[in-house]
4 protein chains.
Amino acid sequence: MGKFEYSLGLNEFKSKELRLWQALIGEFIGNLILNFFACGACTQPEDGTFKALAFGLGVFMAITIVGHLSGGHVNPAVTLAMLIAGRISVLRAVFYIVFQCLGAIAGTAAVKILLDPLYHNGLGHTSLAHNISELQGLGIEFFLGLVLVLTVFGACDANKPDSRYTAPLAIGMAVTLGHLGTIQYTGASMNPARTVGTAFATNNWNAHWVYWVGPVLGGVTAALLYTQVLEAKTPPKSN
Amino acid sequence: MGKFEYSLGLNEFKSKELRLWQALIGEFIGNLILNFFACGACTQPEDGTFKALAFGLGVFMAITIVGHLSGGHVNPAVTLAMLIAGRISVLRAVFYIVFQCLGAIAGTAAVKILLDPLYHNGLGHTSLAHNISELQGLGIEFFLGLVLVLTVFGACDANKPDSRYTAPLAIGMAVTLGHLGTIQYTGASMNPARTVGTAFATNNWNAHWVYWVGPVLGGVTAALLYTQVLEAKTPPKSN
Amino acid sequence: MGKFEYSLGLNEFKSKELRLWQALIGEFIGNLILNFFACGACTQPEDGTFKALAFGLGVFMAITIVGHLSGGHVNPAVTLAMLIAGRISVLRAVFYIVFQCLGAIAGTAAVKILLDPLYHNGLGHTSLAHNISELQGLGIEFFLGLVLVLTVFGACDANKPDSRYTAPLAIGMAVTLGHLGTIQYTGASMNPARTVGTAFATNNWNAHWVYWVGPVLGGVTAALLYTQVLEAKTPPKSN
Amino acid sequence: MGKFEYSLGLNEFKSKELRLWQALIGEFIGNLILNFFACGACTQPEDGTFKALAFGLGVFMAITIVGHLSGGHVNPAVTLAMLIAGRISVLRAVFYIVFQCLGAIAGTAAVKILLDPLYHNGLGHTSLAHNISELQGLGIEFFLGLVLVLTVFGACDANKPDSRYTAPLAIGMAVTLGHLGTIQYTGASMNPARTVGTAFATNNWNAHWVYWVGPVLGGVTAALLYTQVLEAKTPPKSN
Ligand SMILES: [Ca+2]
Ligand SMILES: [Ca+2]
Ligand SMILES: [Ca+2]
Ligand SMILES: [Ca+2]
């Protein structure tokens, strides 16, 4: 029974109650920062490198600021991957996702309020390019969730201590890589909460399911692939 | 009485006198480097990524060079955040800010002297875009001070030793992120001293208060948020 | 006889059988990620920095994800350099190269399938610029293989423990450097598998030998140079 | 007498003879790599960020590859700063500078040979912009040498062990920063050997003295400033 309670996360509300609230505030702040600065970057007449760096550095900063509280997921695809991998409980995952989406909505809303409509330029909302079908978009977003979550597992693998010091940078650069590879085609969301934030501000929910199903399927696949096949099984000896 | 002395920093001039002077020279050099290279970058006909990297790497270098002497604030918003957090004394904060502004003035002045007026192009001074009100600019600069100081606290948290090795890089990249997100709208100052340096060289003090109140309010909010809510409470066990 | 067995790698199929399969899956995934995201970047109307970062970050991610399983070669030139240096067996090298090529083919194929032909733009295939002869291309690709493998050895030298934590980043940035230096002239392959992937998708095998002989000669030269001349001979004392 | 011998470096040819030759080969390779890839980048029709990253990553790679043998100066201004700081002998400094220049000449020569003249575009040679006087150029190159050598000392200070792991990256990024700040005005040499390499290939020695005196004066000033004023005096306690 204790095992079942744990897997549902009900005990999160007992001894670790404070920690859960801290984690939720952390996820909210992380997604707020990501959407504020990255949507701000998308509104400007700059090139793809500019935007790709903004998303990657936004995630780097979010993990630097709140990684110790919540793990620094700032992305429902990462959270669901962690759930599949048995690293967090169902209840914690649900709360994380709610606060991630609220943070992203707040971040894009702040951009919308602080900029004259003259500068909105779509507020960084993701959409499918002409002649990219929803199924193709799904495939692209699948690969984006895959590389992000593989990087999270690879960088944070407790049996690979050498990766620990640059893990936030590596995860941020995975996000930049994803944008470089695909930004023109799906907007390179990689992150359902990020797209919820801009969909809410623009009231544009076209093909919205693609931005949930793609990254989540990719992330869950990555979690299974890493934990079943790729994980470092033993800590390395001092090399 | 000893406590009061300490909080005013009067004892800075006694046993640690040398260290304070070293710190002030450090802050001067840090801000001189930042304004010299970043204003130089702004004078050139390049894109936003170019400028955003210049400011971020300028801060990365400043902290690498003088971080051990002064903490490498190179920004009054960081210094006032550290004051609110009880990390430095009132007197030390005042001196830091004076030397930060002097360093920034010297850095931009050097650019002005070394470049023919043909190349000045505004010398990298920050200003509000058309149709961005002072209140909107204040809000934008608030978020810039917020993300910078949250990153400073997150990267330098003594209970998060894994963050220590890349802290100067992370703080520099927070400055780059801020520029990517908002450079077109307020110039992404994030730093009152940086704007004092360019205001002095161009004798343009329009909306100057925005560049003090915005980053300082953001930085102080970040200091309170981090120390009261987000701080790692205990050092992690060897993972 | 045991020595001979080892040098051919036949014992890879005995006690370490599982590990070899994991390594091959790792190399496959690494090259798939590299070709998927970097070819995706090449199809877009962006500049050289955009593409150079995509290749460098693709390698950074590949090593972060699978470096502990296979060494994270993701490049036949690296694998053959490791063979010459006596770090891996003949058989392991052959299998690595096969799986690297298969991964690259899969990565580019996924881009081809997921993008409308309108966006293919050559799918990131490498070719020689006008007025660059095959011999000149060979020389350029030689230098690319040289700098990459020198960086691999320099960053992973067991007697230089300070380099260990940023090794995946350093190796990725060597790939970015190579692209910055030469992308216009040979496409800056540095990696025969990467070019196999795009040659297969475009059915364009012009000057293909250049993309094998150049990086491999450069890589093998680097392996000999590093192990015979440059290697750190003893671990440093605590500095 | 032993002291005098040491300061001239005559004993370099006795017990440490091999090490000196290794160091000289290291400096040669480092400067060859830097000039090959960075001049290659300068020949291409790309923007300032592209070139600034090429120089910075070239230095990052050079230090990663040969830093353990020679210190990875790859720049006469760094070598002379180390001489002033008492870190290397006169004789070693002279040999370093000769091999740095030879490496840079070889690197640019390789670009010249491997590219059709159609693509030479000045081969990345540094020159003063119109309306920038030699004295202004001297001042700009002074600041470039200053920030580079301050970063070298700050990142490699033995009393700041936290800086050690990212030191090669930090020094490379100081070179990128210098280019972002000033590339349009002097070409942002920062490095007499780098300019010797391109002056030799283009037979253009206009204002050549500026590219020696500027960075060397800046570097020597930085060495004195750091060792006399800024150096960390004692190793930190475990924070
Ligand atoms: Ca279609
Ligand atoms: Ca307005
Ligand atoms: Ca030709
Ligand atoms: Ca003039």
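Every chain is numbered from 1 and lettered A, B, ... according to where its sequence line falls, protein lines coming before strand lines. Keep in mind it's a predicted model, so treat the numbers as computed, not measured.
Of the possible donor and acceptor atoms, one in the side chain of D:Lys160 sits under 3.5 Å from a partner among the backbone N and O of D:Gly154.
The residue among B:Gly124, B:Cys39, B:Ala54 with the most heavy atom pairs within less than 4.5 Å of chain D is B:Ala54. Of the listed residues (B:Ile113, B:Leu32, B:Thr166, B:Leu114), the greatest number of heavy-atom pairs within a distance under 4.5 Å of chain D belongs to B:Leu114. Ranked by heavy-atom pairs shorter than 4.5 Å toward chain D, the options B:Ala167, B:Ala41, B:Gly56, B:Cys42 are led by B:Ala41. Ranking B:Gly26, B:Pro45, B:Pro168 against chain D, the residue ahead of the rest is B:Pro45, based on heavy-atom pairs under 4.5 Å.
Considering only heavy atoms from C-beta on, D:Val229 stays 4.5 Å or farther from D:Leu224 through its side chain. Proximity of B:Thr198 to B:Arg194: side-chain heavy atoms (C-beta onward) are separated by under 4.5 Å at one or more points. Within the 4.5 Å cutoff, the side chain of B:Arg92 has heavy atoms near those of the B:Leu20 side chain. The shortest distance between side-chain heavy atoms of B:Leu24 and B:Tyr96 falls below 4.5 Å. For the pair D:Leu144 and D:Asn191, the minimum side-chain heavy-atom distance is 4.5 Å or more. The shortest distance between side-chain heavy atoms of D:Leu123 and D:Lys112 falls below 4.5 Å. Using a 4.5 Å cut-off on side-chain heavy atoms (C-beta onward), B:Phe153 and B:Asp157 make no contact.
Within residues 58-81 of chain D, no residue has a heavy atom under 4.5 Å from a heavy atom of chain B. Listed by sequence position, the residues of residues 204-220 of chain D in contact with chain B number zero, using a 4.5 angstrom heavy-atom cutoff. Residues of residues 169-183 of chain B lying within less than 4.5 angstrom of chain D, judged on heavy atoms, are B:Leu169 in numerical order.
No side-chain N or O of D:Asn131 forms a donor-acceptor pair with one of B:Tyr119 less than 3.5 Å apart. Looking at B:Asp116 and D:Tyr185, their side chains never bring a donor and an acceptor atom within 3.5 Å of each other.
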D:Tyr226 and D:Leu150: CA distance, side-chain angles, deciding distance, side-chain contact (heavy atoms from CB on, under 4.5 Å) verdict: CA-CA 7 Å; D:Tyr226 197 87; D:Leu150 284 176; 4.3 Å; yes
Working for side-chain hydrogen bond (donor to acceptor under 3.5 Å, both in side chains), residues D:Thr195 and D:Ser189: CA-CA 7 Å; D:Thr195 292; D:Ser189 172; 2.8 Å; yes
Pair D:Val147-D:Met190, side-chain contact (heavy atoms from CB on, under 4.5 Å): steps then yes or no: CA-CA 9 Å; D:Val147 74; D:Met190 315 180 83; 4.2 Å; yes
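Expressed to the nearest 0.5 Å, how far CD1 of D:Ile132 lies from OG of D:Ser127 amounts to 11.0 Å. One distance of note links CD1 of D:Ile88 with CE of D:Met82; it measures 8.0 Å at 0.5 Å rounding.
In this structure, chain B has heavy atoms under 4.5 Å from both the backbone and the side chain of D:Phe143. Interface residue D:Leu225: only side-chain heavy atoms are found under 4.5 Å from chain B. For chain D, the nearby parts of B:Leu53 are the backbone and the side chain; heavy atoms of each come within less than 4.5 Å. Of the two parts of D:Ala129, the backbone and the side chain both hold a non-hydrogen atom closer than 4.5 Å to a non-hydrogen atom of chain B. For D:Ser163, no part sits under 4.5 Å from any heavy atom of chain B, backbone or side chain. B:Phe36 touches chain D through its side chain: at least one heavy atom from C-beta onward sits under 4.5 Å away, while N, CA, C and O do not. B:Leu118 touches chain D through its side chain: at least one heavy atom from C-beta onward sits under 4.5 Å away, while N, CA, C and O do not. Interface remark: B:Glu46 contributes side-chain atoms only to the contact with chain D (heavy atom separation under 4.5 Å).
By the 6.0 Å contact criterion, CZ on D:Phe200 is open, its count of non-hydrogen atoms from other residues, nucleotides or ligands being 12 or less.
Annotation for B:Ala93 and B:Leu83: closest pair CB-CD2, 4.2 Å, computed over non-hydrogen atoms. Minimum heavy-atom separation, B:Ala193 to B:Asn31: CB-OD1, 3.9 Å.
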Donor-acceptor contacts under 3.5 Å from residues 101-111 of chain B side chains, at least two apart:
unit_1   : atom_1 : unit_2   : atom_2 : d
B:Thr108 : OG1    : B:Asn35  : ND2    : 2.8
B:Thr108 : OG1    : B:Ala104 : O      : 3.3

